[in-house]
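The first residue in the sequence is number 1, and the count goes up from there.
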Amino acid sequence: MAESTPRFLFLVSLVVAALAMATVPAAAAAHDAGGRSRLIHLHFYMHDITGGPGQTAVQVVKGPGPAHPAMRGYHFGDTTVIDDALTDGPSAPSSRLVGRAQGTYTLASLTEPVLAVSMTVALTGGAYNGSTLAVVGRDDVSAGVRELAVVGGTGAFRSATGHVLWRTARMESRDHMVLELDVYATVPGASPAPPPQAGVVRQVA
């Protein structure tokens, strides 16, 4: 029995080591397997059409708050649902559709022209077809460039973080605003990495 005791202890230590390796957190394993993170740049145009033919933005809540001093005809709390087209160029008729921006924006300031935006960028064409990005933040309409946050994603953008710079590119009409978006998303190395497509998406690192 005395001779078998060291052998028994050795076998027990092997089992304990194997169990420890099996319980390494999935995140750590993914980091080791995937290597370094990737920074991806997306560039496209968002078409917000609030009325007329091809309407993509519909007000679903008429804010019960006071009339807004900086936005005539609007009230504090006004909420709009969007399903805006995303294109690779500023002109919708002559540009390629690359996705949809789906979500809401709410007039969230009593005195300033500020919208609280919550939307999902769903890519429907190109290298990242089927992947999504979650974007939230403060849109001060009076500012030339606004910065919102990337707080997650799915598919090729799973666990993404980053920011979006967007600006009003032009007004096609009173009801059709064209926004230019530059998305900078950092994606963990374990996420799938389809090849970038020139003109729409670019992998920076």
Let me have the donor-acceptor pairs involving side chains of residues 110-117, under 3.5 Å, with sequence neighbours excluded, atom names and distances please.
{"unit_1": "Glu112", "atom_1": "OE1", "unit_2": "Arg138", "atom_2": "NH2", "d": "3.3"}

Which class fits the ring pair Tyr184 and His163: parallel under 30°, tilted 30 to 60°, perpendicular over 60°? parallel
Under the 3.5 angstrom rule, does the side chain of [X] hit a backbone N or O of [Y] as a donor-acceptor pair?
{"X": "Gln55", "Y": "Thr50", "result": "yes"}
{"X": "Asp84", "Y": "Met46", "result": "no"}
{"X": "Thr80", "Y": "Ala57", "result": "no"}
{"X": "Thr56", "Y": "Gly54", "result": "no"}
{"X": "Ser131", "Y": "Gly155", "result": "no"}
{"X": "Thr106", "Y": "Ala108", "result": "no"}

For Tyr74, does the OH atom sit with more than 12 other heavy atoms under 6.0 Å from it, leaving out its own atoms? no
Greater than 12 external heavy atoms within 6.0 Å of Met177's CE: no
By salt bridge (Lys or Arg N to Asp or Glu O under 4.0 Å), which residues pair with Asp139, not counting sequence neighbours? Arg146
Between Phe44 and Val183, is the side chain to side chain contact (heavy atoms under 4.5 Å, CB included) condition met? List the steps. CA-CA 9 Å; Phe44 38 68; Val183 181; 4.0 Å; yes
ILVMFWY cluster, [X] and [Y] together (side-chain gap under 4.5 Å):
{"X": "Val141", "Y": "Ile82", "value": "yes"}
{"X": "Val81", "Y": "Phe76", "value": "no"}
{"X": "Val121", "Y": "Val178", "value": "no"}
{"X": "Met119", "Y": "Val60", "value": "no"}
{"X": "Tyr105", "Y": "Val164", "value": "yes"}

Could you go through the side chain to side chain contact (heavy atoms under 4.5 Å, CB included) check for Leu181 and Leu42 one step at a time? CA-CA 8 Å; Leu181 278 65; Leu42 310 176; over 6 Å; no
Trace of the side-chain hydrogen bond (donor to acceptor under 3.5 Å, both in side chains) decision for Thr154 with Thr132: CA-CA 5 Å; Thr154 64; Thr132 70; 2.6 Å; yes
Report the distance from atom CE of Met71 to atom CG of Leu107, rounding to the nearest 0.5 Å. 5.5 Å
Distance (rounded to the nearest 0.5 Å) between Leu123 CG and Asn129 CG: 8.0 Å
Using distance alone, with no hydrogens and no angle criterion, decide if His47 and Thr87 have a side-chain donor and acceptor under 3.5 Å apart. yes
Closest approach of Leu133 to Ala160 (non-hydrogen atoms, all atoms of both residues): CD2-CB, 3.9 Å
When every non-hydrogen atom of His68 is compared with those of Ser109, the smallest separation belongs to NE2-O, 2.9 Å
Between Leu86 and Arg100, is a side chain to side chain contact (heavy atoms under 4.5 Å, CB included) present by the stated rule, with each step listed? CA-CA 5 Å; Leu86 301 173; Arg100 311 290 301 188; 5.6 Å; no
Does Thr186 form a side chain to side chain contact (heavy atoms under 4.5 Å, CB included) with Leu39? I'd like the steps, not just the answer. CA-CA 4 Å; Thr186 299; Leu39 175 61; 3.7 Å; yes
